[in-house]
Amino acid sequence: MIQVIAFYLFATLCIAAGALTILARNPVHSVLWLIVAFFNAAGLMVLVGAEFIAMLLVIVYVGAVAVLFLFVVMMLDIDFAELRAGFIRNFPLGFALALVLLMELVLGIGAYRAGALKLGTPDGTAAPLAGANNIEAIGALLYSRYLFLFEAAGLVLLVAMIGAIVLTHRQRSDVRGQNIAKQNARRPDEATHNVKPEVGKGVSL
Amino acid sequence: MTAFFQSLGLSFEAAWTIATVAGILLIAFPVMLAVAIVIYFDRKIWAAMALRKGPNVVGPFGILQSFADGLKVFLQETIIPSAANKGLFLIAPIITFTVALLAWAVIPFSATAILSNINVGLLYILAISSLGVYGTVIAGWSSNSKYPFFSAMRASAQMISYEVSIGFILICVVLWAGSFNLQTIVEAQKGHVFGIINGFVANPLLFPMWVMFLISGMAETQRAPFDLTEAESELVAGYQTEYSSMAFALYWLGEYANVLLMCALNAVLFWGGYLPPLDIPVLYAVPGLVWMLGKILFFFFIFSWVKATVPRYRYDQLMRLGWKVFLPVSLAWVVIVSGYLMFTGHFA
């Protein structure tokens, strides 16, 4: 009973938040609705017993990705009239994209109704671990059967990260950086000195 | 507790619901009460270190000061700036306060007193603490005012930076304990060093991790010396500038609840949680709850002590510490700890 109530609550909120993400006028509101959608999706994951995936969803998407989205969107200086001006011009492209996404959705549902994929059961390597919890089961699979794919994914991410840093890093000569070692090595007696000015006289610096 | 309600003749579902709600109330109310007392404690420690008296007027030794402050803000008018985004402006403090209370669900107060003893307890805490930034960022943006906005930018950068190194530090603890479950982590610390000291902190490989965790915890909760988000000399009061009355009080309560949570995490992950400091049978006569609360108060004293003595960091120093010192060191430490554990056959 509790599970049923929780499922309908999470599912309804997830769909509503998803709809509001695209309906909201203000981009910041959109990002916040997206976060609500992520959060409810995590709730659904908990309900099916995938608590590890649920926590990862919250940590990675809500905790890191959405914060960056929000960070960027908050900085935007939005002119709503300008935003709506290009609507007709961009309509065909947007419509085509929407059509592709709809087709993918239909295909996905069709594939789902065709029955479950029997991944790895014929040779027995990926049989579910009896009595193991989520993390152990995923770990056993990732670090044995899918080790090379996992490492390859890591490598791709590393290359992407280095690429992003190389592309955006500029050596600028006009900016003065902080020399932390020099600052730490500074001592009071070399940083200050008493000039002992006479009464009524100023100090030249 | 579910079994108790079931023995009263209720069905399992009804008993579970009542037990869970009772458990939530049993944790949330003491936490809020503890926050009120701990604010008084904080002010007294701070005053003592500055050779002042601190709150000493309301009640004996001023002990009712926090409650008087609470009543005062409760009776004030909530002012909403006319240019503010009204809905988000009011939701932001609620998010901060709720998130500060949520994480307490998985903290083991004693061997039996845990609201939800889940497998992914530590990941849950990481997930919840990563939500904390939203209260601050939304407040800064919806206030529609420049200082709160600067503060929100600082807060999001600061909290994301330190979460990364906290994640690696926690991995070291998880590697040694072999579980994400907080109770298993506490039990793994029983007689950890020479079979007599309870706590990972006495382990020479994990001691540096504890020091880094303590400092990262201060940065994560935006306590001094890392309270750059509300640096009054630069940003008025940071993201709280436009807030008044209960909305302001919610930030206040949430901030201290977060600090207490960090203290509790220090105790649970490195200092043996509800176990006594030494693995001697006589010490187990004292209830686990007393040890746990004692450790939380001890760490709160350290937080207050640091706040009273250390000057505020510069922002570039804060970022340098997070990204150039803590991140590489904790990353290297994960390799060292896992290498040591593999070498000694810990997982065999």
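Per chain, numbering begins at 1; letters A, B, ... match sequence-line order.
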Mind checking whether [X] and [Y] have side chains closer than 4.5 Å, heavy atoms only?
X: B/Asp316; Y: A/Ile180; value: yes
X: A/Met74; Y: B/Val137; value: yes
X: B/Leu131; Y: A/Phe39; value: yes
X: A/Met55; Y: B/Leu126; value: no
X: A/His29; Y: B/Leu88; value: yes

Flag if over 12 foreign heavy atoms under 6.0 Å of [atom1], [X]:
X: B/Tyr315; atom1: OH; value: yes
X: B/Tyr147; atom1: OH; value: no
X: A/Trp33; atom1: CH2; value: no
X: B/Phe149; atom1: CZ; value: yes

Parallel, tilted or perpendicular: rings of B/Phe180 and A/Phe52 (30°, 60°)
tilted
Nearest 0.5 angstrom please: [X] [atom1] to [Y] [atom2], how far?
X: B/Gln317; Y: A/Gln183; atom1: CD; atom2: CD; value: 6.5 Å
X: B/Leu123; Y: A/Ile59; atom1: CG; atom2: CD1; value: 4.5 Å
X: B/Ser156; Y: A/Leu68; atom1: OG; atom2: CG; value: 8.5 Å
X: A/Leu70; Y: B/Ile138; atom1: CG; atom2: CD1; value: 6.5 Å

Heavy-atom proximity to chain B below 4.5 Å, by part of A/Leu32:
side chain
Does any backbone or side-chain atom of A/Ala54 lie under 4.5 Å from a heavy atom of chain B? Answer side chain, backbone, both or neither.
neither
Distance-minimising heavy-atom pair for B/Ser130 and A/Val58:
OG-O, 4.3 Å
Could you walk me through whether B/Tyr124 and A/Glu51 satisfy the side chain to side chain contact (heavy atoms under 4.5 Å, CB included) test, starting with their C-alpha distance in whole Å, then the side-chain angles of each, then the deciding distance to 0.1 Å, before giving a yes or no?
CA-CA 9 Å; B/Tyr124 172 81; A/Glu51 72 264 11; over 6 Å; no
Walk me through it: do B/Asn119 and A/Ile135 pass the test side chain to side chain contact (heavy atoms under 4.5 Å, CB included)?
CA-CA 9 Å; B/Asn119 276 335; A/Ile135 306 173; 5.5 Å; no
Using a 4.5 angstrom heavy-atom cutoff, name the option from B/Met159, B/Arg314, B/Glu163 with the most pairs to chain A.
B/Arg314
Ignoring hydrogens and geometry, is there a side-chain-to-backbone donor-acceptor pair from B/Tyr134 to A/Gly63 under 3.5 Å?
no
